[in-house]
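The block underneath contains the structure these notes are about, expressed in structure tokens.
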Amino acid sequence: MSMVAVTLEQVKYSWKKGVPTIDIPKCDIKEGEKVLIQGPSGSGKSTLLSLLTGLLIPDSGTISVMGHDVTLLSPSKRDGFRADHIGFIFQQFNLLPYLSLKDNVMLACRFSPARMQRALLQYVSMENAAEHLLIKLGLEQQLRQNVTVSELSIGQQQRVAVARALIGSPEVLIADEPTSALDAASRDAFIKLLLTETSQHNSTLLLVSHDETLKHYFDRTILLKNINNAGVYDAA
Amino acid sequence: MLLSVALASSWARRHTLLFIVLTIAFSVMLLLSVEKIREEVRDSFNRSVSGTDLIVGARGGELQLILYSIFHIGQASNNMSWTSFELIKNNKQVAWAEPISLGDSHKGFRVVGTSASFFEHYRTGLQKKLLFQQGKGFSDLFDTVVGADVARQLGYQVGSRITLSHGVGKTSFSEHDDRPFSVIGILQPTGTPVDQSVFVSSQAIEAIHDGWQAGSRIRGQQLSEGEIRKKILQPKELTAVLVGMKSKLGTFHLQRQINNYKAEPLQAVLPGVALQQLWQLIRVAENALLLVSACVVLAGFIGMLAVLLTSLGTRRKEMAILRSIGATPWHIISLLVFESTLVSLVGTITGMLLSFGLLMFAGPLFELHFGLFIQSAGLSLEDLPILLGVIFAGALTGLWPGYRAYQMTAADGLTVRY
Ligand SMILES: Nc1ncnc2c1ncn2[C@@H]1O[C@H](COP(=O)(O)OP(=O)(O)O)[C@@H](O)[C@H]1O
Ligand SMILES: [Mg+2]
């Protein structure tokens with residue numbers, strides 16, 4: 001079975017009037033698919049992700065994620081939708097430095113009763129769920145020693161971010177250049193871990209990067225310039 | 001839930017927030033202290049005239065009469081005759097009338113010539129009678145009763161012997177040192193000018209001035225104590241009369257009678273009305289003081305606004321993270337409103353404590369230097385609107401940074417841009 005996780009149709013978005021950043025006639029991503037989106041800096045990759053998460057609304061067109069048309073939802077429904085269905089990983093600084101590792105992970109459930117429910121169903125308590133994920137992602141020692149966010153390496157911080165994106169098993173994981181701050185060795189380890197975990201949760205993964213070497217880890221690679229009619233591609 | 005995140009976030013920035021807390025605390029302290037002293041000044045004045053229905057004296061300013069006769073501020077320009085006092089005292093509607101003769105002093109404290117029944121009739125505060133902590137009222141010609149402050153500051157006991165000075169200056173050269181008095185009673189503290197008074201009988205005032213003329217002794221006209229005691233000491237003049245009515249209804253009638261009295265230019269004053277004039281006089285100063293305090297509070301809030309808006313720059317990422325996991329704009333706004341409310345709340349409570357501390361510490365100084373007795377340092381109901389107002393204004397102050405934060409996250413999408 002191959003249900004569609006994400007569909008874009010005639011999506012247009014411009015930051016400045018008359019200068020479109022995104023103009024995508026059609027794009028489908030299947031459920032459970034691991035997709036790498038590539039494009040040079042400034043080509044609109046992050047803008048596309050903001051549109052998918054419902055933080056930005058396209059000027060025209062429809063975007064549906066897990067069968068919901070994001071563009072039709074009210075602003076508060078959109079925020080709730082994002083909380084329920086999407087785990088997001090930033091390039092860097094994903095964590096709130098004043099919260100413990102566990103609290104950072106559990107934070108994702110605070111805005112989504114649905115994800116909290118799923119986490120509880122699987123692990124009985126949210127604490128358990130967070131601990132379980134952190135240990136699986138190789139942070140057992142840090143968890144035991146109760147280290148603070150600022151004591152973690154960037155790679156370790158990114159792994160905590162993965163745990164937060166995974167808790168409560170959202171259907172779609174979106175990562176915006178999560179490896180660009182990592183060295184080659186930890187980058188490969190990180191991507192492998194991310195792929196294993198998303199496969200186990202049967203989540204769809206959309207990962208943005210301009211790193212060519214990551215290609216072979218993914219089911220499919222989308223070059224933004226191939227689907228996007230807008231943007232400046234000779235700049236990079 | 002979001003509350004614990006907000007608390008943790010504020011706690012992480014506590015060093016910056018501490019300064020706004022202090023700014024607000026000091027402004028609240030100032031506001032509360034000014035308000036408290038204002039209340040206490042009024043209370044203290046009202047306390048002193050609580051049982052007196054009318055004050056009678058030589059014609060002049062109403063306010064002036066109450067100031068010199070009760071509060072010992074300034075001096076009478078004219079005296080009234082003892083005959084008029086007797087007339088008032090014997091009026092059918094009058095329950096009691098006590099003479100007040102001023103003009104002498106003892107080591108900077110005013111001497112009040114009155115009758116022994118003064119201690120029966122005078123009331124302070126909520127109709128409280130004067131009580132003796134030691135001894136009793138005067139019976140002998142050369143007995144004196146002193147107020148609590150006089151006894152405490154000069155170390156007097158029952159049996160101490162003192163002499164009075166002519167005039168009310170601190171350094172009076174003309175001493176009535178030939179007529180020593182002995183302390184027969186010491187009053188309990190009242191928080192009124194009574195505490196700073198030395199009471200003797202009206203006859204004693206007459207006695208110590210026997211052989212005096214125009215403020216100095218007449219040579220060779222000195223009577224011995226034995227001779228003085230034998231002489232009939234009928235005072236001819238006095239400074240003022242305190243009157244208690246049998247029924248309050250008669251007060252206005254008697255006041256009119258006295259004011260229209262043909263034989264002597266007298267005036268009768270309702271203490272409450274005269275004090276009202278005083279409040280009107282000092283209201284301008286009070287309001288100026290309150291305005292200044294309010295401006296300090298305002299400055300505190302502007303400081304808070306500046307700090308909150310500045311912090312948004314560094315908290316931009318924090319907001320983006322929260323938005324990415326599903327926080328709504330309302331969550332973002334409430335995060336900042338919560339913080340400004342928290343800061344104002346902590347600031348207000350700290351300010352309250354500081355104000356209590358200040359008044360507790362400065363209370364005795366006020367009492368010593370101004371005779372102002374700060375009764376309770378506690379929170380009064382009138383302060384509540386001020387405190388709630390400050391906290392509410394603090395909450396409102398958070399709305400703007402909250403809205404700015406929301407705008408920022410909306411403009412950023414998921415990528416924080418600088
Ligand atoms: N918040 C924003 N406000 C205005 N312009 C923006 C904003 N974010 C991105 N842009 C513009 O949109 C274009 C694409 O940016 P972005 O999506 O961040 O590219 P990428 O992630 O591929 O580097 C750029 O030209 C950038 O200047
Ligand atoms: Mg980008």
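Letters A, B, ... mirror the listed sequences (proteins, then strands); counts begin at 1.
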task: Please state whether the side chain, the backbone, both or neither of A:Gln92 comes within less than 4.5 Å of a heavy atom of chain B.
output: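 Backbone of A:Gln92 only, per the 4.5 Å heavy-atom cut-off to chain B.
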
- request: With a 4.5 angstrom heavy-atom cut-off, could you sort out which part of A:Leu51 is near chain B: side chain, backbone, both or neither?
  value: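 Contact with chain B is absent: no heavy atom of A:Leu51 under 4.5 Å.
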
- prompt: In Å and rounded to the nearest 0.5 Å, what is the CD1 to CG distance from A:Ile22 to A:Asn228?
  reply: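 Nearest 0.5 Å value for the CD1-CG distance: 4.5 Å.
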
field: Non-neighbouring partners of A:Glu151 that pass salt bridge (charged side-chain N to carboxylate O under 4.0 Å, His left out), sequence neighbours left out
entry: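 Applying salt bridge (charged side-chain N to carboxylate O under 4.0 Å, His left out) to A:Glu151 gives none.
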
- prompt: B:Ala12, B:Pro329, B:Gly326: which one forms the most heavy-atom pairs within less than 4.5 Å of chain A?
  reply: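 Top count of heavy-atom pairs under 4.5 Å with chain A: B:Gly326.
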
message: Taking B:Arg42 first and then B:Glu39, would you say they form a salt bridge - that is, a charged N and a carboxylate O separated by under 4.0 Å?
response: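 Answer for the salt bridge query: no.
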
- prompt: Is it true that B:Arg152 and B:Asp195 have a side-chain N and a carboxylate O under 4.0 angstrom from each other?
  reply: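 Not counted as a salt bridge, because no side-chain N and carboxylate O are separated by less than 4.0 Å.
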
field: Exam field: side chain A:Arg115 to backbone A:Ile167, donor-acceptor pair closer than 3.5 Å
entry: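 Yes; at least one donor-acceptor contact below 3.5 Å.
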
- request: Would you confirm whether A:Asp103, through its side chain, and A:Leu99, through its main-chain N or O, come within 3.5 Å as a donor-acceptor pair?
  value: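 A pair under 3.5 Å: no.
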
message: Among A:Asp59, A:Asp23, A:Thr21, A:Thr47, exactly one meets side-chain hydrogen bond (donor to acceptor under 3.5 Å, both in side chains) together with A:Ser14. Which residue is that?
response: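 The option that passes is A:Asp59.
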
Residues of residues 293-305 of chain B near chain A, each having a heavy atom less than 4.5 Å away: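 Near chain A, by residue number: none.
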
